Amino acid sequence: MIFVMDVDGTICFNGLFIEDILHSEIERIGKNHQIIFASARPIRDLLPVVKGFESPILIGGNGSIVSIDNEVSVVKSIPNNAFDYIKSLIIKNDLEYIIDGSFDYSANVNPNNKIYRQLDPDHLAKNVKIEEIDEPIKIILINLNDDIFEMIKNNLEKYESTLSINYHKRENNIDITAQNINKYTTLKSIIHDKSYIAYGNDINDYELLKHADTAYYVSEDNQEIPLDNVNIIQNDAYSVVESMKYY
């Protein structure tokens with residue numbers, strides 16, 4: 001069986017590492033089943049968290065970039081016209097953001113934001129000027145106030161035919177990738193029609209969970225998700241471990 005696991009908020013609850021009890025359980029699963037990690041993080045930021053696992057397939061950037069047998073490749077980048085428009089919104093409104101290229105990135109993030117500690121933790125890449133990103137794979141607009149969030153959402157409507165956009169109202173963040181790019185579409189291009197078991201925790205994982213043979217939604221306060229095939233579990237390492245013991 002194939003197990004596909006989101007990382008942050010699903011198996012990693014501190015933004016830095018997977019707790020030992022859960023790390024050992026995933027290792028046990030991996031002895032008899034294939035493990036694929038599918039994260040919002042680019043491959044650069046995913047590697048430090050999943051080091052030690054023998055996983056030949058990593059999906060990063062919400063499906064926009066993959067690593068197969070240590071070969072990293074971009075699945076699809078954001079079109080230039082949409083990127084130029086988003087850059088203009090960033091500059092005009094002085095937004096906090098992370099723009100991931102194929103390896104390097106451009107970022108303006110408050111160090112107090114939890115996303116900051118997940119950004120290139122092993123210092124593998126460079127934080128370059130926004131003009132130096134020529135192949136943007138994912139954009140996160142961060143820590144927007146309510147008015148700016150709604151304004152950006154309204155302004156991005158005209159690009160919804162060329163972009164995949166996830167609006168995280170609870171965190172007031174917006175994730176952007178190219179059209180029809182998400183964790184599930186990229187996974188399907190790799191495993192085709194094989195069935196899989198999925199673990200996820202937010203809107204970025206919706207399609208991944210929806211199409212899984214069995215799905216686990218790792219939820220704060222047992223918040224529900226409108227899918228019939230989903231088992232809801234608490235967002236802590238022990239609860240995730242208990243769900244895996246069945247396998």
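Bear in mind that the values here come from a model prediction, so they are computed numbers and not experimental data.
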Checklist entry - Got a second to check how far Ile86's CD1 is from Ile99's CD1, nearest 0.5 Å? => result 8.0 Å

Item to check | CA sep, side-chain torsions, deciding dist, call: Asn62, Asn182, side-chain hydrogen bond (donor to acceptor under 3.5 Å, both in side chains) | outcome: CA-CA 5 Å; Asn62 285 335; Asn182 58 58; over 6 Å; no

Next on the checklist: What's the separation between atom CD1 in Ile140 and atom CD1 in Ile176, rounded to the nearest 0.5 Å?
Outcome noted: 9.5 Å

Item to check | Under 3.5 Å donor-acceptor, Ser64 side chain and Thr177 backbone | outcome: no

Checklist entry - Hey, what do you get for CZ (Phe83) to CD1 (Ile130), rounding to the nearest 0.5 Å? => result 5.5 Å

Next on the checklist: Between Ser164 and Asn180 (side chain of the first, backbone of the second, donor and acceptor by atom type, cut-off under 3.5 Å), is there such a pair?
Outcome noted: yes

Checklist outcome for this item: Shortest non-hydrogen pair, Met244 vs Arg28, comes out as O-NH2, 3.1 Å

Checklist entry - Is the backbone of Val109 close enough, under 3.5 Å, to the side chain of Asn113 for a donor and an acceptor to pair up by distance? => result no

Checklist outcome for this item: Smallest heavy-atom separation, Val218 atom then Asn235 atom, equals CG1-CA, 3.4 Å

Item to check | Exercise: identify the closest heavy-atom pair between Ala107 and Leu119 | outcome: CB-CD2, 3.8 Å

Checklist outcome for this item: Looking only at heavy atoms, the pair that brings Asp45 and Pro48 closest together is O-CD, 3.4 Å

Checklist entry - Phe53 and His23: ring pair (Phe, Tyr, Trp, His ring centres under 6.0 Å), yes or no, with the steps? => result CA-CA 9 Å; Phe53 292 108; His23 197 287; 4.2 Å; yes

Next on the checklist: Please report the interatomic distance CD(Glu19) to SG(Cys12), rounded to the nearest 0.5 Å.
Outcome noted: 8.5 Å

Next on the checklist: Any heavy-atom pair between the side chains of Val75 and Ile65 that's under 4.5 Å?
Outcome noted: no

Checklist entry - Do Asn172 side-chain atoms and Leu144 backbone N/O form a donor-acceptor pair below 3.5 Å? => result yes

Item to check | Polar side-chain atom of Ser24 near backbone of Ile21 as donor-acceptor pair, under 3.5 Å | outcome: no

Next on the checklist: Restricting to non-hydrogen atoms, name the atom on Asp104 and the atom on Lys126 that form the minimum distance, rounded to 0.1 Å.
Outcome noted: OD1-N, 2.9 Å

Checklist entry - Applying the 4.5 Å side-chain criterion to the ILVMFWY set and letting contacts propagate, would Ile2 and Ile68 be lumped into a single cluster? => result yes

Next on the checklist: Other residues, nucleotides and ligands only: do more than 12 of their heavy atoms fall within 6.0 Å of CG on Asp20?
Outcome noted: no

Item to check | Minimum heavy-atom distance Ile43-Ile59, with the two atoms named | outcome: CD1-C, 4.3 Å

Checklist entry - Got a donor-acceptor contact below 3.5 angstrom from the Asp8 side chain to the Ala40 backbone? => result no

Next on the checklist: I want to know whether Tyr85 and Tyr159 have ring centres closer than 6.0 Å.
Outcome noted: yes

Item to check | Interatomic distance, Ile197 atom CD1 to Leu209 atom CG [nearest 0.5 angstrom] | outcome: 12.5 Å

Checklist entry - So do the side chains of Ile91 and Ser88 get within less than 4.5 Å of each other, counting heavy atoms only? => result no

Next on the checklist: What's the separation between atom CD in Glu160 and atom NZ in Lys153, rounded to the nearest 0.5 Å?
Outcome noted: 8.5 Å

Checklist entry - Counting distance only, does the side-chain N/O of Ser195 pair as donor-acceptor with the main-chain N or O of Asp213 below 3.5 Å? => result no

Checklist entry - Have Ser243 and Tyr199 got a donor and an acceptor in their side chains that come within less than 3.5 Å? => result yes

Item to check | Donor-acceptor contact present, side-chain Asn93 to main-chain Leu95, <3.5 Å | outcome: no

Checklist entry - Does the gap between the ring centers of His211 and Tyr196 come in under 6.0 Å? => result no

Next on the checklist: Between Phe3 and Tyr247 (judged by ring centroids, cut-off 6.0 Å), do the two rings come close enough to count as a pair?
Outcome noted: yes

Checklist entry - Between Tyr167 and Phe149, is any pair of side-chain heavy atoms under 4.5 Å apart? => result yes

Next on the checklist: In this structure, would Ile181 and Ile36 fall into the same cluster of hydrophobic residues linked by side-chain contacts under 4.5 Å?
Outcome noted: yes

